[in-house]
A.B. asks: 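This is the structure I want to talk about, given as structure tokens.
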Amino acid sequence: MDLYQELILEHSKRPHRMGLREPFDAEVHHVNPTCGDEVTLRVDVEDGTVKDISYDALGCSISVASTSVLATEVTGESVEEALEVFKHYRAMLMSKGKDPGDEEQIGDGVAFSGVSQYPARVKCALLGWSAFTDALAQAGVDISTISSDAAAPTA
Amino acid sequence: MDLYQELILEHSKRPHRMGLREPFDAEVHHVNPTCGDEVTLRVDVEDGTVKDISYDALGCSISVASTSVLATEVTGESVEEALEVFKHYRAMLMSKGKDPGDEEQIGDGVAFSGVSQYPARVKCALLGWSAFTDALAQAGVDISTISSDAAAPTA
Amino acid sequence: MSANPLSEKEVAALRGDFPILARTVRGGKPLVYLDSGATSQKPTAVLDAERDFYTRLNSAPHRGAHALSEEATAAYESARERISAFVGGRPDELVFTKNATESLNLVTHAFLMGGHPAIPGSERFTLDEGDEVLVTEMEHHANLVPWQELCRRTGATLRWFPVTPEGRLDLSDIDTLLTERTKVLALAHVSNVLGTVNPVQMLAERAHQVGALVVLDACQSVPHMPVDAPSLGVDLLAFSGHKMLGPMGIGGLWGRSEVLDALPPFLTGGSMIETVRMEASTYAAPPQRFEAGVPMAAQAVGLAAAVDYLQAIGMDRVHAHEAALTERLLDGLAQRPWVRVLGPTDMVDRSGTVAFDVEGVHAHDVGQILDDAGVAVRVGHHCAWPLHRALRVTASARATFGIYTTPAEVDALLTALDRVPAVFGIETGAR
Amino acid sequence: MSANPLSEKEVAALRGDFPILARTVRGGKPLVYLDSGATSQKPTAVLDAERDFYTRLNSAPHRGAHALSEEATAAYESARERISAFVGGRPDELVFTKNATESLNLVTHAFLMGGHPAIPGSERFTLDEGDEVLVTEMEHHANLVPWQELCRRTGATLRWFPVTPEGRLDLSDIDTLLTERTKVLALAHVSNVLGTVNPVQMLAERAHQVGALVVLDACQSVPHMPVDAPSLGVDLLAFSGHKMLGPMGIGGLWGRSEVLDALPPFLTGGSMIETVRMEASTYAAPPQRFEAGVPMAAQAVGLAAAVDYLQAIGMDRVHAHEAALTERLLDGLAQRPWVRVLGPTDMVDRSGTVAFDVEGVHAHDVGQILDDAGVAVRVGHHCAWPLHRALRVTASARATFGIYTTPAEVDALLTALDRVPAVFGIETGAR
Ligand SMILES: Cc1ncc(COP(=O)(O)O)c(C=O)c1O
Ligand SMILES: Cc1ncc(COP(=O)(O)O)c(C=O)c1O
Ligand code: FES
Ligand code: FES
């Protein structure tokens, strides 16, 4: 099974940058209705840069690890770059195995390429990321570069 | 086709004892929901005898003819006899062709024996008769000798 | 539409896909099935698709992470995509129901909620005294009784366009009927009795001008002609699977995204929720919001196969084929002055549904004579009782067509019909 | 129940009737289907019965006088008779719905009508502020959310029996929960998570003493054990066809005649009416009153074949078979201290549904490892989210059985489960 890459298991056991921190511009709470898992996520945006992503996550290894990778990869990036990463990451997840992901573009996000073979888990790998883009929007960032169905994929 | 016996066609073209007459003890209005046909029927019961059955019928040949035969056969009989005729007539209709009907018991009602082969038409042949037993009940006659589902067969 | 009708050879080939058409009835008479308007026959491809689902993928969609459930979910959602596209919609604009009747009740019940606290924008779906719902006198009970019940319970007033003796909508009073008070216009695209094709686009535009929601009963159009919901300009559109070569037990409700988004849930339960606590729940986005419980996934897959089958023929050709049959039947009936056709007698804005009345003989008796010859038509009020009252008949006989119907079957109907006057001793006006 | 479980030979023979069981998943692994509680597999006899309907009788029942329609009506009504008898009912006591969720919504919506002028006795089905609806904390969303919505809209109060840590109903407060204010008691016969069999007879008696209506969600009992609705003493009983070897898209609502007679209609439209005028309509007697639109007749015929199939085995033997499997699984899990079983760990009043939690590993991850070995279990909250909250888990994995499940499949689950600790690096307490 390509799903549980070592990197995923490690992040899920020891999620990076976890916890809810101040200051923040927006906080969102997302739920995956099929399993009941939840994530609370805060973003701190300053001068067009993602200064901090802090979160509290209750969920499966995929959702916790992906939120952890999100925080690791995206913190410190400009919002434009962050949204680009999201787009590539999501494209990989939605590709049904066709797009293996490019490490140049999404960094450790490539560890989740196996998820695209398991449609029921795509929501897991997107839970934190959807919360993140939603939080950006609530913080006043223009997220129209990612299409509108991005925040709520129906897997 | 055994359905359209000469007697049925005749009764349907020239229904006997048609029209709504006085005096009467009860008047009922029955509808066949599948076709929209209606019958209004009155009974006059005196000393346990069916003195008159008068009616106004809008319907197919089977329903009009059967109401006409009802009026012909049952007027002048005792209510017990009338209910007996009904029971035998209904049994024949419900028999799916097994019970050809006994002329001794139901007189011209035997002309309707072919109806039992056409389940969708059984309601037609019972429309006037169900109205009749319902009217008897409303006139205070005990109709418990015929089972309760009698008045509303689900064909 | 300039598409060619199906050739004799094409129809003959198609008929091989419908095993039931080879059966006989009433002592060996070949079945002449002219009741496709009630329910259509199903091609083997549809039955095979359903069976294939059951024997390869069967499991509950959207309810599991195992391989089978993944495959079932994919099949179910692919079916949604194809069926929605068939009426011009996007995947998430199609809700699966058990039949068109449920689709329409879903809408009327939404208005009974009086707006739902958990659904932003749902206040739009409220009705009060003084508000009006506008229908037509030619509606099927499925698009009439639910609105009656809604009006009874909200105090709103039901109004309707009457029908002309020719079987068209009488729009002469449109300015008094369609007003600022009108909150909903609900009408049939095609009458299931008269075959009349109503001017939906124009009416939808007028209705939108006064801010009314437009609900279309497309049961008798979607199976028989190209239908593109967005370009008709309606807000919601209901249809039934079993009338369009699909399985029983499945229907559809197409809705514009903005409308579905604001529509409160109807059936509640599993898989239409977002979160559930004992105290209260919140609800999922459409279409899931409207699909409580394990869905009819096998039937959805079957219906998608039906849509594929129809598309392979082409809906414009389906329409042309049925138009040719209709014309043939109308011509034949015109030669029989003892028969009265209900509805338009020419082919302008008319579809393949021909209801008729033999004066002096009850429709059920007419139907029985036809049935005795193996010809299956529907008799009664066809769930359009008020329309029959308006046309001053209690009941009628109705012939309807499918892609598998042949001109010879139309002729068989006419031949069988000719027995009616003799049996019931009526004047034919001939000789 | 002293019936014998099915022998290995019997099960092997049965499995031949379920073609899907021969398939493989995830790269050639034999399918081990332990998700029958979500939906069961279907024997060939059921698929054949449906196909036979479509290829021989297909037409709209109760809607025509022609030969085909007569035959379809007879098949549909014979199915009703057999299926109703299966739960101890008379033919006219069974309403066909699309699934159990619709059956339950039919009941809750009846209460929303506030009594119907055209239905004598329907005043009984009203709820006001001060009235209470009593459910349990172990309900499936299908028997919870509709009651929440009903209470929200009528101002009535929803109350519930809590669940003990062992997964039984906590009845200690019954005297304050079930009172004169209680208008409805709605509960599951068998929990779809815990397998707990609730003391329905006793509770129904208590509820009737205070005049409450008793609604039973029998989704997880009817497929797995003998169920006789009248002797359980309930008023209404809902079940799903797809969980009992039947087709998707069909469910049932059994109701005592006096109750159904007084129940207002839910979906309105064709064939549930008595008379229709533009102004108002009157309604047919049950069960027709509740079956608006063309029904899922083919599915009814398929479900009747499923019932025949189950009866040929005998429901007591079905139950004995599943009990043996349950015991085997509970024994196996008891040997794995890192697994926590939700619900009773003995066989007293317990059915074949085993939910469990691997401490420290999310149920979805557990399920994924099992799935990778071809073992299909359900993971998540199984549409019983409040129950999971009460038991302080977000989600669980759940194995459920059917007549075709083998002891070897239980063992396959246990073997696959043993991979979990290694993959996720948790302590097993072993060695
Ligand atoms: C206990 C229980 N109630 C209700 C339901 C709902 O049944 P359906 O989804 O078939 O409507 C289910 C199954 O999903 C169940 O297990
Ligand atoms: C115009 C029209 N509307 C609604 C319906 C109801 O469809 P269903 O019975 O499939 O719900 C029908 C067919 O019966 C119809 O012809
Ligand atoms: S299982 Fe809930 S987010 Fe993965
Ligand atoms: S058809 Fe209406 S009573 Fe015979």
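Every chain is numbered from 1 and lettered A, B, ... according to where its sequence line falls, protein lines coming before strand lines. Every heavy atom of this structure was used, including side-chain atoms; hydrogens, water molecules and symmetry mates were not.
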A.B. asks: Against chain D, label C:Q148 side chain, backbone, both or neither, depending on which of its atoms sit under 4.5 Å from a heavy atom there.
C.D. replies: side chain
A.B. asks: Please assess D:R51 against C:T44 for the test side-chain contact (heavy atoms from CB on, under 4.5 Å), listing each intermediate value before the final yes or no.
C.D. replies: CA-CA 9 Å; D:R51 198 179 184 99; C:T44 311; 3.5 Å; yes
A.B. asks: So what's closer than 4.5 Å to chain D heavy atoms on C:P295: side chain, backbone, both or neither?
C.D. replies: backbone
A.B. asks: Any side-chain to backbone donor/acceptor pair from D:E149 onto C:T268? Under 3.5 Å, distance only.
C.D. replies: no
A.B. asks: Contact part of C:L112 toward chain D, heavy-atom cut-off under 4.5 Å: side chain, backbone, both or neither?
C.D. replies: both
A.B. asks: Tell me if the centroids of the rings in C:Y54 and D:H242 come within less than 6.0 Å of each other.
C.D. replies: no
A.B. asks: Applying side-chain contact (heavy atoms from CB on, under 4.5 Å) to D:W385 and C:M278, what does each step give before you reach the verdict?
C.D. replies: CA-CA 9 Å; D:W385 203 335; C:M278 286 310 287; over 6 Å; no
A.B. asks: For the candidates C:A376, C:P19, C:A38, which exhibits the highest count of non-hydrogen atom pairs separated by less than 4.5 Å from chain D?
C.D. replies: C:A376
A.B. asks: Chain C heavy atoms under 4.5 Å from D:V25: which part of the residue, side chain, backbone, both or neither?
C.D. replies: side chain
A.B. asks: With a 4.5 angstrom heavy-atom cut-off, which part of D:V46 approaches chain C: side chain, backbone, both or neither?
C.D. replies: neither
A.B. asks: Look at C:A390, C:G380, C:A142 and state which one has the largest set of heavy-atom pairs under 4.5 Å with chain D.
C.D. replies: C:A142
A.B. asks: Relative to chain D, which segment of C:E71 carries a heavy atom at a distance below 4.5 Å: side chain, backbone, both, or neither?
C.D. replies: side chain
A.B. asks: Heavy-atom pairs under 4.5 Å with chain D are the metric here; pick the option from C:P265, C:P117, C:S240 that has the most.
C.D. replies: C:P117
A.B. asks: Counting only heavy atoms closer than 4.5 Å, note whether C:L144 contacts chain D via side chain, backbone, both or neither.
C.D. replies: side chain
A.B. asks: Are D:Q41 and C:L68 packed together at the side-chain level, in the sense that at least one heavy-atom pair is separated by less than 4.5 angstrom?
C.D. replies: yes
A.B. asks: Give the member of C:L158, C:L21, C:I273 that has the highest number of heavy-atom pairs under 4.5 Å with chain D.
C.D. replies: C:I273
A.B. asks: Any ion pair linking C:R152 and D:E279 (charged N to carboxylate O, less than 4.0 Å)?
C.D. replies: no
A.B. asks: Between C:E102, C:K243, C:H140, which has the largest tally of heavy atom pairs under 4.5 Å with chain D?
C.D. replies: C:E102
A.B. asks: Sort out for me which of D:R56, D:E139, D:H141 touches chain C most, counting heavy-atom pairs under 4.5 Å.
C.D. replies: D:H141
A.B. asks: Side chain, backbone, both or neither: which part of D:R23 has a heavy atom under 4.5 Å from chain C?
C.D. replies: side chain
A.B. asks: Where do D:Q299 and C:M296 land on the side-chain contact (heavy atoms from CB on, under 4.5 Å) test, with the steps shown first?
C.D. replies: CA-CA 10 Å; D:Q299 287 81 4; C:M296 59 300 279; over 6 Å; no
A.B. asks: Hey, are the side chains of D:M248 and C:I250 touching, using non-hydrogen atoms and a 4.5 Å cut-off?
C.D. replies: no
A.B. asks: Which answer fits D:N99, side chain, backbone, both or neither, if we ask what part of it has an atom under 4.5 Å from a heavy atom of chain C?
C.D. replies: side chain
A.B. asks: Using heavy-atom distances under 4.5 Å, tell me whether D:L57 contacts chain C through its side chain, its backbone, both, or neither.
C.D. replies: both
A.B. asks: Side chain, backbone, both or neither: which part of C:D48 has a heavy atom under 4.5 Å from chain D?
C.D. replies: both
A.B. asks: Do the non-hydrogen side-chain atoms of C:P386 and D:V276 ever get within less than 4.5 Å of each other?
C.D. replies: yes
A.B. asks: Over all heavy atoms of both residues, which pair between D:A65 and C:D371 is shortest? Give the atoms and the distance, please.
C.D. replies: O-OD2, 4.2 Å
A.B. asks: Which atoms of D:A280 are under 4.5 Å from chain C, going by heavy atoms: the side chain, the backbone, both sets, or neither?
C.D. replies: backbone
A.B. asks: Between D:K98 and C:E291 (salt bridge meaning N to carboxylate O under 4.0 Å), is one present in this structure?
C.D. replies: no
A.B. asks: Quick one: which of D:L387, D:L104, D:V379, D:V377 has the most heavy-atom pairs under 4.5 Å with chain C, could you say?
C.D. replies: D:V377
A.B. asks: Does any heavy atom of chain D fall under 4.5 Å from the side chain of C:P61, the backbone, both, or neither of them?
C.D. replies: side chain
A.B. asks: Among D:C151, D:G251, D:A300, D:A297, which residue forms the greatest number of heavy-atom pairs with chain C at distances under 4.5 Å?
C.D. replies: D:A297
A.B. asks: Could you have a look at C:C383, C:G367, C:G270, C:A384 and say which one has the most heavy-atom pairs with chain D under 4.5 angstrom?
C.D. replies: C:G270
A.B. asks: Report the C-alpha distance between C:K42 and D:N58 in whole Å, list the side-chain angles of each, state the deciding distance to 0.1 Å, and finish with yes or no for side-chain contact (heavy atoms from CB on, under 4.5 Å).
C.D. replies: CA-CA 8 Å; C:K42 332 294 180 200; D:N58 179 63; 3.6 Å; yes
A.B. asks: Measuring heavy-atom distances to chain D, does C:R63 have an atom under 4.5 Å in its side chain, in its backbone, in both, or in neither?
C.D. replies: both
A.B. asks: Examine whether an atom of C:Y33 lies under 4.5 Å from a heavy atom of chain D, and if so say whether it belongs to the side chain, the backbone or both; otherwise answer neither.
C.D. replies: side chain
A.B. asks: Is it the side chain or the backbone of D:L267 that comes within 4.5 Å of chain C heavy atoms, both, or neither?
C.D. replies: both
A.B. asks: Is there a donor-acceptor pair closer than 3.5 Å between any side-chain N or O of C:D35 and the backbone N or O of D:S59?
C.D. replies: no
A.B. asks: Any heavy-atom pair between the side chains of C:Y283 and D:V145 that's under 4.5 Å?
C.D. replies: yes
A.B. asks: Please classify the contact between C:L370 and chain D as side chain, backbone, both or neither, with a heavy-atom cut-off of under 4.5 Å.
C.D. replies: neither
A.B. asks: What residue in D:R153, D:M272, D:Q368, D:E50 has the most heavy-atom pairs under 4.5 Å with chain C?
C.D. replies: D:R153
A.B. asks: So which atom in D:G269 and which in C:T101 form the shortest heavy-atom distance, rounded to 0.1 Å?
C.D. replies: CA-CG2, 4.3 Å
A.B. asks: Could you look at C:T136 and say if it's the side chain, the backbone, both or neither that has a heavy atom under 4.5 Å from chain D?
C.D. replies: backbone
A.B. asks: Among the options D:F18, D:F53, D:W160, D:F96, pick out the one with the most heavy-atom pairs lying under 4.5 Å from chain C.
C.D. replies: D:W160
A.B. asks: With rounding to the nearest 0.5 angstrom, report the OG1 to CZ distance, C:T275 to D:R389.
C.D. replies: 7.0 Å
